[in-house]
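Only one structure is covered here, and it is reproduced in the block below.
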Amino acid sequence: MAATTLPLLLARTAREDDPVVAATALVAAGLIGTAALAADLAPYLHADEPLVRWAAGTALVRITSDRGDAVEPRLLDRAVAELTTAADNPAPTGVTDYNEGDFHGHIERTLRSLPTGAPQAALAACLPRVERDRDGHRTRTALLDRRM
């Protein structure tokens with residue numbers, strides 16, 4: 001399935017003017033792709049549209065963490081930096097429906113999937129903006145912060 005779907009998703013992203021559609025395709029590519037896809041995703045980290053940069057960062061982290069594949073460390077750092085920037089800002093207009101539209105919750109879940117651990121600054125930026133606490137991470141983080 002991925003062998004057929006990935007080229008279609010990447011082609012759609014390359015020709016798409018609507019940032020929501022492009023971002024949706026990028027995140028989907030990250031969900032089914034492998035680290036071999038990193039070079040195809042990297043240019044989108046420099047897109048003009050913040051939602052597309054977020055999607056590229058999300059896809060790069062997902063192809064790293066979900067399957068244990070290695071993305072070049074500098075590229076992964078750039079992806080995490082983009083997610084950190086997105087976490088520190090309000091959700092862009094017309095955000096995708098991933099994670100039921102909970103943009104910051106999606107960032108939190110993506111960062112927590114990193115094999116090296118989630119950057120605390122990004123998680124702290126996400127926490128007040130997460131709309132749903134599906135798996136309790138937000139609650140546990142808030143409780144831990146109060147103990148310190």
Side-chain angles (χ1 to χ4, degrees), residues 2 5-6 9-10 12-14 16 18-148:
T5 306
L6 282 171
L9 289 170
L10 294 173
R12 179 64 186 248
T13 301
E16 187 55 58
D18 182 341
V20 174
V21 175
T24 301
L26 284 170
V27 173
L31 293 173
I32 63 173
T34 66
L37 190 61
D40 294 317
L41 298 172
Y44 294 104
L45 289 171
H46 305 286
D48 291 335
E49 177 59 47
L51 186 61
V52 173
R53 291 193 307 269
W54 161 80
T58 297
L60 284 160
V61 169
R62 293 291 181 156
I63 64 174
T64 296
S65 55
D66 287 351
R67 291 164 260 328
D69 294 336
V71 169
E72 192 268 318
R74 283 187 16 220
L75 182 56
L76 185 58
D77 289 346
R78 175 70 179 89
V80 169
E82 193 55 53
L83 291 178
T84 302
T85 298
D88 204 26
N89 289 289
T93 303
V95 74
T96 71
D97 284 334
Y98 286 105
N99 202 45
E100 297 179 16
D102 184 358
F103 182 74
H104 291 90
H106 195 271
I107 295 170
E108 179 205 20
R109 292 178 72 189
T110 298
L111 291 171
R112 286 189 183 280
S113 71
L114 281 166
T116 57
Q120 294 303 305
L123 291 179
C126 281
L127 187 60
R129 294 181 174 100
V130 172
E131 295 175 19
R132 292 170 189 81
D133 194 13
R134 185 171 293 117
D135 43 12
H137 291 301
R138 180 180 183 192
T139 304
R140 281 194 295 280
T141 300
L143 291 173
L144 289 174
D145 286 346
R146 286 188 179 170
R147 286 190 221 160
M148 295 181 171

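Just so it is clear, the structure is predicted and the values come from calculations on it, not from any experiment. Each residue takes its place number in the sequence, starting with 1.
- The two atoms that bring Leu37 and Ala29 nearest to each other are CD2-O, 3.6 Å, heavy atoms only.
- Atom CD of residue Glu72 and atom CG of residue Asp77 lie 8.0 Å apart, to the nearest 0.5 angstrom.
- Here the closest heavy-atom approach between residue Ala87 and residue Ile107 is recorded as N-CD1, 3.7 Å.
- Side-chain contact annotation: Arg62 with Ser113, donor-acceptor N/O pair under 3.5 Å absent.
- At least one donor-acceptor pair under 3.5 Å links the side chain of Arg78 to the backbone N or O of Leu45.
- Interatomic distance, Asp88 CG to Thr84 OG1, rounded to the nearest 0.5 Å: 8.5 Å.
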Review point. Does the pair Thr58 and Leu83 meet the rule for a side chain to side chain contact (heavy atoms under 4.5 Å, CB included), with working shown?
Key: CA-CA 7 Å; Thr58 297; Leu83 291 178; 3.4 Å; yes
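- The heavy-atom pair separating Ala86 from Trp54 by the smallest distance is CB-CD1, 4.1 Å.
- We find the OG1-CG distance between Thr64 and Leu114 to be 7.5 Å, quoted to the nearest 0.5 Å.
- Using a distance-only test at 3.5 Å, with no hydrogens or angles considered, no donor-acceptor pair links the side chain of Glu49 to the main chain of Val52.
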Point to revise | Test side chain to side chain contact (heavy atoms under 4.5 Å, CB included) applied to Val27 and His106, step by step | key: CA-CA 11 Å; Val27 173; His106 195 271; 4.3 Å; yes
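- Note that the CD1 atom of Ile63 and the CD1 atom of Ile32 stand 11.5 Å from one another [nearest 0.5 Å].
- The structure places CG of Leu9 at 12.0 Å from CD of Glu16, a figure rounded to the nearest 0.5 Å.
- Taking all atoms of both residues into account, the shortest heavy-atom contact from Ala25 to Thr13 is CB-OG1, 3.2 Å.
- Minimum interatomic distance between Asp48 and Arg53 (heavy atoms only, all atoms of both residues): O-NH1, 3.0 Å.
- Note that CG of Leu75 is 8.5 Å distant from CG of Leu41, once rounded to the nearest 0.5 Å.
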